Amino acid sequence: MPVILKNDIYWVGAIDWNLRDFHGYTTFRGATYNSYLILDEKVTLVDTVKAAFYSEWIERIKELIDPAKIDYLICNHIEPDHSGSIPQFIKEYPNVQIFSTKMAQSGLTKYFGPGLPIKVVKTGETLNLGKRNINFIEVPMIHWPDSMFSYIPEEKLLLSNDGFGQHIATSGRFDDEVDQKEMMFEAKKYYANLLIHLSPLIQNTLKKVADLKLEIDMIAPSHGVVWRKDPGKIINAYNDWSLQKTTDKVLIIYDTMWNSTAKMAKTLVQEFTNARIEVKLQKLRSTHRSDIMTELLDAKGFMVGSPTLHRNLFPTISSFLCYLRGLKPQNKIAAAFGSYGWSGEAVEQVTNELKEIGLDVIEPGIRAQYAPSEDDLGQVKQLAQQMITKIKET
Ligand code: FEO
């Protein structure tokens, strides 16, 4: 059933309890596609839902109003988890006027073909609904170039689409109705796997919103819970995450063939433990890359261990580094290590990848042939000490 946010403003979205993957990141708690209905003189929808949830969504709207009475549809973002129901909706209710950014107009046309009734809006423009207004704020790259926020000043309500979202399916619709640790973990995971590479733009957006001096007492994103108890909590978290603030935590990310790289990894763990620095061991065939990224978001350092296989990186390491290159975390100290049989290219390849990402890389990385000797493990310990020194200096 619909859930009331404010007087005559309702959540009418869909809950995807079974989603386990969102373009490559694991969503063990499912997701929601939030859509909002504003019952004013001009009845207005904000965002739709994934196409597969069209029926559930329309039935929820029908509990409040005949969908034929909807005048406006605001499309804050074109990614199909929010726009996927637009074609069916317009087919059934052709008198609705869509509002979107120019980029979104172009994207919607490419997704769904020409003929959609779209009016382009820009930052600073306002749409009057009767008793309320919607102010539009373009926020390119949160999460795509077409994205925008919709703000209702009379309600102090920010409809932020992907911004401030979390992939979590719950019966509670609000931040005060769910487990706080799960909620913040999923918000962090969402940021680490979708938004971290956009951090400078997110800093600009936070400044833009601050400059507009918007009064906000509720943030309603298009994924997860609505922030009504403490919207400042997620704004502050976004500030910290987009500044890429770190704590004295180190990740040892590795894979192994015959336990030689594993032995080096465990030696590193012991060295950081001895220095009383928080350390986590993350084997790539046991831990999904998206969970590693979540841990990495606030880690000050990490080391990547790869065996050499066929003169190359171990496949799980190669895949992880590809993911890392796209997400491009900054403000971190990094290093490479690994074992090899006869050619031993992997450590240099990892080192080069880390340098290309722009990290502070400790060189040289440490290689061990076949099985690490005491001397090799001594070098591994020295590598850990170099990182410990840098962590303590920063
Ligand atoms: Fe939730 Fe960028 O879509």
Side-chain angles (χ1 to χ4, degrees), residues 11-36 45-54 56-57 73-87 89 98-112 136-150 158-170 173 183 185-199 201-202 204-206 219-227 234 237-238 241-242 290 293-294 323 326-328:
W11 174 89
V12 289
I15 305 176
D16 191 348
W17 295 97
N18 296 316
L19 187 81
R20 292 293 176 269
D21 179 276
F22 185 82
H23 42 61
Y25 106 64
T26 53
T27 52
F28 290 121
R29 291 190 173 94
T32 70
Y33 314 112
N34 298 342
S35 164
Y36 300 100
L45 265 174
V46 177
D47 291 320
T48 73
V49 298
K50 212 178 204 180
F53 291 83
Y54 180 82
E56 177 182 331
W57 175 61
L73 168 60
I74 312 297
C75 174
N76 276 333
H77 176 31
I78 64 165
E79 197 167 6
D81 47 336
H82 308 291
S83 70
S85 287
I86 288 179
F89 184 69
I98 300 173
F99 295 85
S100 78
T101 63
K102 187 155 186 53
M103 290 289 285
Q105 180 192 39
S106 161
L108 288 172
T109 303
K110 283 179 177 152
Y111 268 131
F112 305 124
F136 299 109
I137 306 162
E138 291 164 277
V139 288
M141 301 315 293
I142 304 182
H143 143 244
W144 282 8
D146 57 275
S147 297
M148 69 175 180
F149 289 168
S150 295
L158 183 69
L159 300 152
S160 59
N161 195 269
D162 277 343
F164 313 116
Q166 338 89 52
H167 281 316
I168 184 168
T170 56
R173 295 273 64 78
M183 174 184 76
F185 174 85
E186 294 300 342
K188 182 180 176 189
K189 184 168 184 176
Y190 187 95
Y191 191 94
N193 285 279
L194 293 174
L195 300 176
I196 187 172
H197 60 301
L198 307 168
S199 287
L201 290 167
I202 289 169
N204 288 342
T205 298
L206 292 174
I219 298 176
S222 290
H223 294 295
V225 298
V226 172
W227 306 90
I234 191 65
Y238 264 53
W241 295 335
S242 57
S290 56
M293 273 312 302
T294 311
Y323 195 62
L327 290 169
K328 217 173 170 19

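Atoms within each ligand, like the ligands themselves, are counted from 1 in listed order. Residue indices begin at 1 and follow the sequence shown. Nothing here was measured: the structure is a model prediction, and the numbers come from that model.
The angle that His223 NE2 and Asp162 OD1 make at atom 1 (Fe) of ligand 1, rounded to 10°, works out to 90°.
Considering all non-hydrogen atoms of both residues, Ser147 and Thr101 come closest at O-CG2, 4.3 Å.
Per residue His143, closest N, O or S atom to atom 2 (Fe) of ligand 1: atom name ND1. Closest N/O/S atom of Glu79 to atom 2 (Fe) of ligand 1: OE1. Nearest N/O/S atom of His77 with respect to atom 2 (Fe) of ligand 1 is recorded as NE2.
Not a single N/O/S atom of His82, whether from backbone or side chain, sits less than 2.8 Å from atom 2 (Fe) of ligand 1. Among the atoms of Asp81, no N, O or S atom falls under 2.8 Å of atom 2 (Fe) of ligand 1.
Ring-centre distance between Phe89 and Trp57: below the 6.0 Å cut-off.
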Verify ring-ring contact (aromatic ring centres under 6.0 Å, His included) between Tyr191 and Tyr238, making sure each step is shown before the conclusion. CA-CA 8 Å; Tyr191 191 94; Tyr238 264 53; 5.2 Å; yes
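Note: His167 and His223 have perpendicular aromatic rings, judged against thresholds of 30 and 60 degrees for the angle between ring planes.
Side chains of Ser290 and Asn193: no donor on one and acceptor on the other come within 3.5 Å.
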